[in-house]
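Accompanying notes for the structure given below.
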Amino acid sequence: MSDEFQPRPGQSVPGYDLAERLDTDYYAVFADIPAADREVWNRAKAFVDGLGDRMQRAWDAAEYPLDLAMSLGAHDLFNDGIEHPDLTFFSPLAAGLVNMEISRGDGSLGTVVAVQGGLALRTLAAYGSAEQQARWLSPLARGEVPGAFALTEPDHGSDSVGLATTARREGDEWVLDGAKKWIGNGASGGVTFVWARVDDPDAPEHDAVRCFLVEQSVPGYTGTVIGGKASLRGIHQALITLDGVRLPADAVLPGARSFKDASRVLYATRSGVAWSALGHATACYEAALSYAQQRTQFGKPLARFQMVQERLAQMLEELTAMQLYCRHLADLERSGGLRPTQASLAKYHNTRAARRIAQTARDLLGGNGILIEYGVMTHMADIEAIHTYEGTESIQALLIGRDITGMSAFA
C-alpha cells in the first residue's frame with residue numbers, strides 16, 4: 001500500500017467520502033442520554049477523530065503504538081464503569097459508549113480499553129490492598145503504566161478453571177511457575193495481574209486461586225509478543241512464561257481468593273464486548289451506506305439498486321437490535337439487576353450480529369472491501385477476535401443454556 005495515502009478506517013478514500021459521522025440511531029436509542037454521559041461520549045468521539053491514519057498504519061504493520069494507546073488514560077477513558085473513590089465515575093451507559101466509540105474508530109484501541117480498564121484496573125480496584133491501590137491505581141488509570149490481566153494459558157482457554165500456573169510459599173516469598181497466552185499488554189513493560197493456583201499441601205489455602213501483582217521487569221518473567229495475527233494487529237498480545245518468579249508476600253491481592261473472583265471480572269467485561277461489537281458494526285454499516293450512495297455502477301448509484309437497499313435494511317435491522325441490547329444492558333447494570341448470563345446473552349448476540357454486518361458490508365463494497373484504507377476489512381478481521389475473547393460463542397451459549405434449563409452441559 002502506498003505511503004502517500006493511508007487514512008484511518010472510516011476516513012476519506014480516493015473518490016469517496018466515508019469520513020462523515022452518520023450517528024446512526026434509527027430508533028433514537030441514544031436520544032435521551034444524560035448530559036454527563038454525553039460529555040464522556042463526546043470525549044471519546046474527539047479522541048477517535050484525532051487518530052488520523054496512525055492506527056491504520058499500525059494495523060498494517062502489526063505495530064503497537066503504546067504511547068497513543070496509553071494516551072487514552074490522559075483523556076480519562078479507562079474507567080470502564082468501575083466504582084472507586086479515586087477514579088472518575090462513569091455510569092454503565094457512559095462506559096459502554098466509550099467502548100463503542102473507541103472500537104468504532106479502531107478495534108485494537110477498543111481492546112486496549114478492555115484490557116487496561118476493564119480487566120487490569122478493575123482487578124486492582126476490586127481486590128487490591130490499600131497499599132497496592134495507592135501505588136498503582138492512578139498510574140494505571142492515567143495510562144502511565146500498561147496493565148495486563150493474565151488468566152488464559154496455552155492449554156487452558158475456555159477451560160480456564162483448569163488453571164495450571166502455580167504459586168507456592170517459600171519463607172516470606174511467593175514463587176510463581178507456569179505460562180499464560182494471549183495477554184494484552186503482557187510484554188509492554190508494565191504490571192501483570194497473574195492468576196495462579198496455590199500449590200502448597202501444608203497451606204490452609206491449598207488449591208485456592210489467587211491473583212498476584214507482578215512487575216514485568218522481575219527476574220523469571222518473560223513476555224514474548226505473539227506474531228502472525230490477522231486480527232487486532234494494532235495491539236500486542238503476549239505469551240508469558242513464569243520461571244521461578246519470586247514475589248514478596250504483599251504481592252498477592254488480598255481480595256482475590258477463588259476462581260469466582262476472576263469470573264466476576266470477566267462477567268463485567270462481557271458487557272463491554274457487546275458495546276465494542278456495536279462500535280465495529282456501526283463503522284461497517286455507515287461505511288457501506290456512504291459507499292452505496294457514492295459509488296456509481298451501470299449509470300446509477302449502488303443505493304438505487306433494490307438488492308443493495310435490501311442489504312442495507314438488513315444491516316440496519318441487526319444494528320438497531322444491537323443498540324437496544326446495549327442500552328437495556330446499561331439500564332440493568334445501573335439498577336443493580338444485571339445477571340452474568342444477561343451479559344453473556346448480549347455478547348453472544350452482538351458479536352454474531354457484528355460478524356454478519358461486517359460480512360455484508362465487505363461484500364457490498366466489492367473489490368474495494370478488502371482494502372485496508374476502506375476500513376471494513378480491518379473491522380471484519382477484528383470482530384473475529386472479540387467474538388472469541390472473554391468467552392467464546394460456545395461457552396456463552398452453554399452459560400445461557402445452563403441458566404434457562406437448570407442443567408449444566410459442562411460436565
Side-chain angles (χ1 to χ4, degrees), residues 40 66 69-92 94-95 98-99 111-151 165 167 169 172-174 176 180 183-186 188-196 198 205 208-218 221 223 240 242 245-272 333 336 390:
V40 175
L66 187 60
M70 292 298 103
S71 72
L72 283 157
H75 289 77
D76 201 13
L77 294 172
F78 278 141
N79 179 278
D80 201 46
I82 304 164
E83 294 191 43
H84 191 280
D86 294 332
L87 298 174
T88 303
F89 175 72
F90 284 6
S91 72
V98 168
N99 272 292
T111 297
V112 171
V113 172
V115 170
Q116 184 85 7
L119 294 173
L121 191 60
R122 176 172 275 109
T123 298
L124 179 60
Y127 304 129
S129 67
E131 293 76 17
Q132 290 167 339
Q133 293 183 15
R135 180 177 179 187
W136 296 107
L137 199 71
S138 290
L140 284 170
R142 293 194 299 262
E144 296 169 357
V145 174
F149 177 93
L151 177 64
T165 297
R169 291 295 297 264
D172 293 332
E173 294 181 319
W174 287 96
L176 270 57
K180 301 291 183 178
I183 310 305
N185 282 340
S188 299
V191 297
T192 303
F193 294 92
V194 177
W195 294 84
V198 176
E205 56 183 353
V209 173
R210 304 300 303 270
C211 184
F212 298 83
L213 196 160
V214 182
E215 295 185 53
Q216 293 176 14
S217 59
V218 70
Y221 179 105
I240 296 171
L242 303 157
V245 172
R246 291 186 173 273
L247 304 171
D250 60 4
V252 67
L253 276 64
R257 294 185 168 274
S258 70
F259 186 80
K260 288 183 178 179
D261 294 320
S263 297
R264 290 188 188 99
V265 176
L266 297 178
Y267 291 150
T269 59
R270 279 174 191 156
S271 297
E333 188 171 355
E390 311 304 344

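Note that the structure is a prediction, hence the values are computed from the model and not measured.
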In sequence, state the C-alpha distance, the side-chain angles, and the governing distance for Thr123 and Asp261, and then conclude on side-chain contact (heavy atoms from CB on, under 4.5 Å).
CA-CA 9 Å; Thr123 298; Asp261 294 320; over 6 Å; no
Given the rule in the side-chain contact (heavy atoms from CB on, under 4.5 Å) test, do Leu124 and Phe149 qualify, once you have shown the distances and angles that lead to the verdict?
CA-CA 10 Å; Leu124 179 60; Phe149 177 93; over 6 Å; no
Which residues pass the salt bridge (charged side-chain N to carboxylate O under 4.0 Å, His left out) test with Arg142, sequence neighbours left out?
Glu144
From Ile183 atom CD1 to Ile240 atom CD1, the distance as rounded to the nearest 0.5 Å:
5.0 Å
Can you confirm whether Asp172 is buried at CG, in the sense that more than 12 heavy atoms of other residues, nucleotides or ligands lie under 6.0 Å from that atom?
no
Looking only at heavy atoms, which two atoms of Thr269 and Gly118 are closest? And how far apart?
CG2-O, 3.2 Å
Expected output: side-chain Glu173 to main-chain Arg246 donor-acceptor under 3.5 Å
no
Rounded distance [0.5 Å steps], CG in Leu266 versus CG in Leu151:
6.0 Å
Look up atom CZ in Arg122 and atom CG in Asn79, then write down how far apart they are to the nearest 0.5 Å.
8.5 Å
Side-chain contact test, heavy atoms from C-beta onward, threshold under 4.5 Å: evaluate it for Tyr127 versus Val265 and give yes or no.
yes
Going from CD on Glu131 to CG on Leu213, what distance comes out if it is rounded to the nearest 0.5 angstrom?
12.5 Å
Measure from the side-chain N and O atoms of Ser71 to the backbone N and O of Ala74, and report whether any donor-acceptor pair falls under 3.5 Å.
no
Heavy-atom donor-acceptor pair, Tyr221 side chain to Val214 backbone, under 3.5 Å:
no
Quick one: does Ser91's side chain have a donor or acceptor within less than 3.5 Å of a partner on Ala94's backbone?
yes
Derivation and outcome, side-chain contact (heavy atoms from CB on, under 4.5 Å), residues Leu140 and Val191
CA-CA 9 Å; Leu140 284 170; Val191 297; 4.1 Å; yes
Nearest heavy-atom contact between Pro254 and Gly128 is CD-C, 4.1 Å
Report yes if some heavy atom in the side chain of Asp250 is under 4.5 Å from a heavy atom in the side chain of Ser129; otherwise report no.
no
Side chains of Asp80 and Asn99 in contact at under 4.5 Å (non-hydrogen atoms)
yes
Distance-minimising heavy-atom pair for Phe78 and Ala69:
CZ-O, 3.6 Å
Once you round to the nearest 0.5 Å, how far does OG1 of Thr192 lie from CZ of Phe212?
14.0 Å
If you draw the axis of the six-membered ring of Trp195, does the NZ or CZ of Arg210 fall within 45° of it and under 6.0 Å from the ring centre?
no
Nearest heavy atoms of Trp174 and Pro248, plus distance in Å
CD1-O, 3.8 Å
If you compare all heavy atoms of Ala256 against all heavy atoms of Cys211, which two are closest, and at what distance to 0.1 Å?
CB-CB, 3.8 Å
Report yes or no: does Gln116 contribute a side-chain atom to a donor-acceptor pair with the main-chain N or O of Val145 at less than 3.5 Å?
yes
Without swapping roles, check the side chain of Gln216 against the backbone of Asn185 for a donor-acceptor pair under 3.5 Å.
yes
Is it true that a side-chain atom of Glu390 and a backbone atom of Ala268 form a donor plus acceptor pair closer than 3.5 Å?
no
Testing the basics here: between Gly147 and Ala120, what is the closest heavy-atom pair and its distance to 0.1 Å?
C-CB, 3.8 Å
Backbone N/O of Lys260 and side chain of Ser258: donor-acceptor pair under 3.5 Å:
yes
Val40 vs Phe89, test: side-chain contact (heavy atoms from CB on, under 4.5 Å). Steps then yes/no.
CA-CA 10 Å; Val40 175; Phe89 175 72; over 6 Å; no
Taking the side chain as every heavy atom from C-beta outward, state whether Arg169 and Val198 have any pair of such atoms under 4.5 Å apart.
no
Can you name the salt bridge (charged side-chain N to carboxylate O under 4.0 Å, His left out) partners of Arg270, sequence neighbours left out?
none
